[in-house]
Amino acid sequence: MADIKLPAAKVEELKEVCKKFNNEPGELINVLHAAQELFGYLPAEVQEVVANEMNVSVAHVYGVVTFYSFFSMIPKGEHPISICMGTACYVRGAEKVLDEFKRHLDVKVGETTEDGKFSISCLRCVGACGLAPVVTVGEKVYGRIAPEDVKGILAEYM
Amino acid sequence: MEIVQLTIDNKKVVVEKGTTILEAAKSIGVDIPTLCYMKLHDTNFENKPGGCRVCVVEVEGRRNLAPSCKSTCEEGMKINTHSVRVVNARRTVMELILSDHPFECLVCAKSGDCELQSLAQNLGIREVKYQGEKNKYKSDESPAIIREMEKCIMCRRCETACNDVQTVGVLSAINRGFESVVAPAFEMDLDHSTCTFCGQCVAVCPTGALTERDSSSKVMDAIVDPNKTVIVNTAPAVRAALGEEFGMDAGTLVTGKMVSALRKLGFDHVFDTDFAADLTIMEEGTELLGRLGKHLAGDKDVKLPILTSCCPGWVNFFEHQFPDMLDIPSTAKSPQQMFGAIAKTYFADQLEKKREDVVVVSVMPCLAKKYECSRDEFKVDGDPDVNLSISTRELAQMIRNANLNFEALEDDDFDQPMGESTGAAVIFGTTGGVIEAAVRTAYEVHTKKTLERLDFEELRGMEGIRSATIDFDGLPINIGIAHGLGNARKLLEDIKAGKSEFHAIEIMACPGGCIGGGGQPYHHGDVEILKKRQRAIYEEDKGKILRKSHENPFIQKLYKEFLGEPCGEKSHELLHTHYYDKKKKIEI
């Protein structure tokens, strides 16, 4: 298991979150949503705290975390890259753009580069289909991206 | 009671409303094949995810086939359980399951006892038309249980056993779609999880996905080593179940044949764990009376109830889940470990052998025993008191390897001194037995009177939680019994909340006690088999001349020559242990 120590204050906050949902096992998904917002991801230690507080097994929590693609056990990079794979972006070549990001950073979707700078994820439609294909880096939106633009975008954050 | 009337395979059947088609069919002798479904009668646990679709039947007027394990009977239904459409659907389902199953039947530990295999045979599957990707998972080899998840068919029975019956909560389905697999949290190995190694997941697995770690070849290596003296001992529940592996009826006692087989297999000394069970009663009973006496005298530091500690699955459970209650269980070692401790000291001395030249093998109905004998506190300079623990199933395999005709073997007797035992020891094999044995001895030691009635029917049975008050000549002793860890948890929560009125509690991890252990011949969900084994155990007790542990002449001799007093200094050194806090710590 990962050897991460959680800051005590955040653990207290997490326990408060569980309490807000009355430590009710049926609220597990809601609690995990809030926990992911709090920590940015769901490391093993967070899942153990949640399991303890809600009186369910850690295996069950882990089962839920691994079932839903929204939940992640890998911390996002300093600059999280999201590539839109919605219909409009997809037909205009989003996959090729994605492949280019993967090639440059040498990570897969859902992973983070070793130096912790970039992570890649896919999403479904950011509501800017006119700009397809769309890529976001952090809060910044890039439109009409071609594979050859990828290098330049990454250079902005190096 | 509201009833419904329907027709199954042209036979009229009347059932209570809410009955499933599967159960209704069973009531008129119509057998519908199942795979993921499992019902443990008496414990009220049921596994019916309705996932495998093998139990589908045709309901007249319905477009789709209905899974009979999950569909309830309705008035006027006309059901066909083996129409061409039904059989073809079952075959398709089987072929799809088999398309992601390794074809290793010839070398699989479960071959011949596999529900998937026998169903494939019954359906006459001769080829699998579907070709596609096959799952690959890392294998997990703990000291007791081996997980080979490529062989898993996602029936989820192990989850029901682990989470609902035992409330251990180690297993869960993780990931989704084709990637989904039943695993511990973070896909850690069982060894690193809070697994108790009770083996109930293994006991209910329909395929070879969950099996025990097989130590039988190591046993044979020791037997053929001319420098080793190999001692075997057999737990009480083994003799009441071993015969099933050779086609004998459930509940057939095979004590004599088993001894004969062990001797033919080449063990140097064939002893009985029951000897150590008698010894356990001497220690545990003395401890109970000691704690009871102090408690009644008003000593607030002495806690009651005292809990039995013979069951290693149960020990693992409270170490992981109730680490703040480690001072409540008896400190007495289990019979297996008492046996090993005496065999490698007292008996090795008699043989004039060094302990490292003596190999102790135990035959157990249990998988947690494999873990127990590997615990560091049961070793002296790295040499374990019990070297190898094999299950009833592994012993059966060794007998088959040697090509012995088990049923035709003549009855034989255990060797002395560690083969002598009383009826009190034999009943250790069933739920309620340990505490009954303890009562027989503690009563006589406490009251100094002879116990007239030896059969304590009030302590027997299959109810998950039982209680009784036994009159110790004016002193009422409240006794609790739980089998299955879920039931044990309930009694522990009561103690924690200060609500428990019991003086002594017996706990066994497996439903039924050792007769239902994770290392026993597979019962495939038929709890009647456990009841038959239980009857056999009590029958063996009845047939014994000596039925109280303290009357065992070799136990008396052992104390006189070697140990001194029960719970004395030497006993404490060799026969008692301590427990560890194994609760997972969350680092903050």
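Keep in mind that what you see is a predicted model, and the values were worked out from it rather than measured. Numbers restart at 1 for each chain; the letters A, B, ... are given by sequence-line order, proteins then strands.
The only member of B:C201, B:P143, B:S391 that meets side-chain contact (heavy atoms from CB on, under 4.5 Å) when paired with B:L367 is B:S391.
In this structure, B:K582 is not positioned above the aromatic face of B:F318 in the sense of NZ or CZ being under 6.0 Å from the six-membered ring centre and within 45° of the axis.
Within residues 70-84 of chain A, the residues having any heavy atom less than 4.5 Å from a heavy atom of chain B are, in residue-number order, A:M73.
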Can you give each donor-acceptor pair under 3.5 Å made by side-chain atoms of residues 58-67 of chain A, sequence neighbours left out, with the distance rounded to 0.1 Å?
| unit_1 | atom_1 | unit_2 | atom_2 | d |
| --- | --- | --- | --- | --- |
| A:Y62 | OH | B:E187 | OE2 | 3.1 |
| A:T66 | OG1 | A:Y62 | O | 2.9 |
| A:T66 | OG1 | A:G63 | O | 3.1 |
| A:T66 | OG1 | B:N175 | N | 2.8 |

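Taking a 6.0 Å sphere around CG of B:D324, one finds it holds more than 12 heavy atoms contributed by other residues, nucleotides or ligands. For A:K151, the NZ atom is loosely surrounded, since the number of other residues' heavy atoms within 6.0 Å does not exceed 12.
Salt-bridge formation is detected for the pair B:R375/B:E319: a Lys NZ or Arg NE/NH1/NH2 atom is positioned less than 4.0 Å from an Asp or Glu carboxylate oxygen.
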